[in-house]
Amino acid sequence: NTSLHMVSASQTDSVYTDHSPDAVVGYVIAPFLPGKGSICYKLLFEADTHKLCYLRKDKISDKKSEGFLPAELKMLGK
């Protein structure tokens, strides 16, 4: 059974650099001042192998902010 745990950016970096087993870390690449129509990238990496396992390019809108959306996290947690 998969479970999701949200942690701080520094904890995410530690999990990634320590090659923690059974962990996936997420990163978001977005403009410093994102606005409607800006592009963001959402990435998930296996912490132990650093293998990219999820990549999504999204356009920021009124319904989609930068970062992972609750619906995406629900899907990824399955």
Return the [atom1] to [atom2] distance between [X] and [Y], rounded to the nearest 0.5 Å.
{"X": "His19", "Y": "His50", "atom1": "NE2", "atom2": "NE2", "result": "4.0 Å"}
{"X": "Phe68", "Y": "Asp58", "atom1": "CZ", "atom2": "CG", "result": "10.0 Å"}
{"X": "Cys40", "Y": "Lys57", "atom1": "SG", "atom2": "NZ", "result": "10.5 Å"}
{"X": "Leu52", "Y": "Leu44", "atom1": "CG", "atom2": "CG", "result": "8.0 Å"}
{"X": "Leu55", "Y": "Tyr27", "atom1": "CG", "atom2": "OH", "result": "15.0 Å"}
{"X": "Glu46", "Y": "Asp22", "atom1": "CD", "atom2": "CG", "result": "10.0 Å"}

OH (Tyr41) with more than 12 external heavy atoms under 6.0 Å: no
Check the hydrophobic clustering (I, L, V, M, F, W, Y; side-chain heavy atoms under 4.5 Å; chains of links allowed) and say if [X] and [Y] are grouped together.
{"X": "Ile29", "Y": "Ile39", "answer": "yes"}
{"X": "Ile60", "Y": "Leu69", "answer": "no"}
{"X": "Tyr54", "Y": "Leu43", "answer": "no"}

Any donor-acceptor pair under 3.5 Å from Lys42 side chain to Val28 backbone: no
